[in-house]
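Take a look at the structure below.
Order of appearance sets the numbers: ligands from 1, and atoms from 1 within every ligand. All values derive from a computational prediction rather than experimental measurement. In what follows, every heavy atom counts, from backbone to side chain, and hydrogens, waters and symmetry copies are set aside.
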Amino acid sequence: MTKRSLIALSLTAALTGCGDDPEAGGTGSVRFTTWGEDYIEQGIGPDASGEAGFVDGWSVKYEKFLVNFGEITVRDASGAVAASQQGTLLVDNTRPGKKTLVEFSNLDAKAYTQVSYAIVPVTATTTALAADAADRDEMAARGWAIWVVGAATKGAVTKRFSWGFATQTALTECKTEEDGRELSGLVVRTGQTDVTELTTHGDHLFYDRLQASPDPAVVTRLRFDAIAAADADGDGQVTLDELRATPLSVPTYNPSPFAATHLGDFITSLSRTIGHYRGEGECVVGVR
Ligand SMILES: [Ca+2]
């Protein structure tokens with residue numbers, strides 16, 4: 001065997017040995033979807049550990065969980081934009097199932113390591129993709145990017161909430177772990193359609209920390225007692241104004257590394273963390 005054919009053989013082995021290397025030369029598609037998982041579709045129950053439900057005995061059921069998606073962008077490793085979403089799409093993730101946000105076709109089959117999106121205020125031009133037009137109009141009038149409506153119950157007590165967040169959040173450098181390996185962005189394969197879910201995590205609004213502790217022994221828990229107690233006028237409705245009038249109780253709540261001083265700021269900051277990637281994957285959260 002000649003030296004040249006040995007090199008060719010080893011190159012072939014290197015290419016076929018890596019599952020992320022698509023066939024060269026072709027094109028494929030990518031479809032972006034969203035889903036609210038069981039927490040948004042079914043509800044969140046109590047859990048003594050606080051990890052899969054409320055540590056303080058509450059249950060929450062959402063009636064609306066509206067998220068406005070924009071700027072879904074696919075870039076390759078050089079930063080060149082291969083595809084980018086125009087306009088914004090409003091989805092109520094209490095509606096069951098996975099909704100297709102956008103599909104990009106005729107992309108060169110290769111790895112696109114930089115995938116990003118944004119959750120931005122609804123405008124008059126926003127498409128109510130899987131949402132009521134009346135909700136779209138209400139959010140546009142108020143400049144909300146996220147609007148959640150629901151009820152929390154514990155025993156005979158019910159506290160309702162309707163919180164609109166006028167935030168702009170960039171979610172960049174999205175990555176996840178699949179089959180034991182880190183996947184940055186996504187991979188388009190010849191003749192195939194990659195499906196990338198921009199998952200919405202409904203439990204995050206009730207976290208007691210803004211950032212996971214580096215100490216694995218310190219668990220992030222779901223809590224509602226302090227939110228329920230914020231209903232100062234006792235009308236059964238916990239408003240964002242009431243949350244803003246409620247000082248954050250430290251150390252039950254840990255606002256690090258941000259500067260939330262009251263429950264209103266704290267939950268608004270948590271609302272920036274609902275956007276996830278392909279299930280449990282995460283993006284870098286940028287406040288703007
Ligand atoms: Ca109230």
Side-chain angles (χ1 to χ4, degrees), residues 36 39-47 50 53-68 90-95 119 121-122 131-132 134-169 200-210 220-255 258-275 287:
Y39 282 153
I40 292 177
E41 287 186 5
Q42 312 293 327
I44 310 170
D47 173 43
F54 290 93
V55 71
D56 46 18
W58 289 86
S59 299
V60 159
K61 178 106 175 78
Y62 287 112
E63 292 154 29
K64 296 183 197 290
F65 204 114
L66 291 141
V67 182
N68 193 41
L90 182 65
V91 170
D92 184 346
N93 260 328
T94 63
R95 294 194 182 184
I119 297 177
V122 172
D132 293 342
D135 288 347
R136 190 253 334 262
D137 295 346
E138 175 85 4
M139 293 179 75
R142 295 173 178 269
W144 291 340
I146 299 164
W147 182 18
V148 299
V149 177
T153 54
K154 181 161 83 169
V157 180
T158 295
K159 296 291 183 184
R160 297 188 47 78
F161 56 89
S162 173
W163 301 330
F165 301 101
T167 45
Q168 297 195 53
T169 304
T200 305
H201 286 191
D203 54 335
H204 287 213
L205 293 175
F206 306 106
Y207 274 3
D208 61 5
R209 312 176 61 86
L210 287 182
T220 301
R221 292 191 167 84
L222 304 183
R223 300 180 184 277
F224 200 87
D225 273 346
I227 298 171
D231 180 17
D233 62 4
D235 70 347
Q237 183 92 22
V238 182
T239 65
L240 270 181
D241 280 343
E242 287 174 323
L243 292 170
R244 290 186 189 108
T246 304
L248 197 66
S249 174
V250 178
T252 303
Y253 284 95
N254 186 331
F258 302 104
T261 57
H262 51 70
L263 265 177
D265 258 1
F266 189 80
I267 293 176
T268 300
S269 294
L270 285 172
S271 78
R272 296 183 182 276
T273 72
I274 62 165
V287 175

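- Using bins of under 30°, 30° to 60° and over 60° for the plane-to-plane angle, the ring pair Trp163/Phe206 lands in the tilted bin.
- Using modelled atom types, one finds a donor on one side chain and an acceptor on the other under 3.5 Å when comparing Thr94 with Asp92.
- Note on ring orientation: taking the six-membered ring where Trp is involved, the planes of Trp144 and Trp147 are tilted (angle from 30° to 60°).
- Near-neighbour remark for the Ca ion (ligand 1): protein N, O or S atoms under 3.0 Å are Asp231 OD1, Asp233 OD1, Asp235 OD1, Gln237 O, Glu242 OE1, Glu242 OE2; waters not counted.
- No donor-acceptor pair closer than 3.5 Å links the side chain of Lys154 to the backbone N or O of Asp225.
- What you find for Tyr207 and Leu270 is that their closest heavy atoms are O-CD1, 3.4 Å.
- For Phe165, there are no ring pair (Phe, Tyr, Trp, His ring centres under 6.0 Å) partners two or more places apart in sequence or in a different chain.
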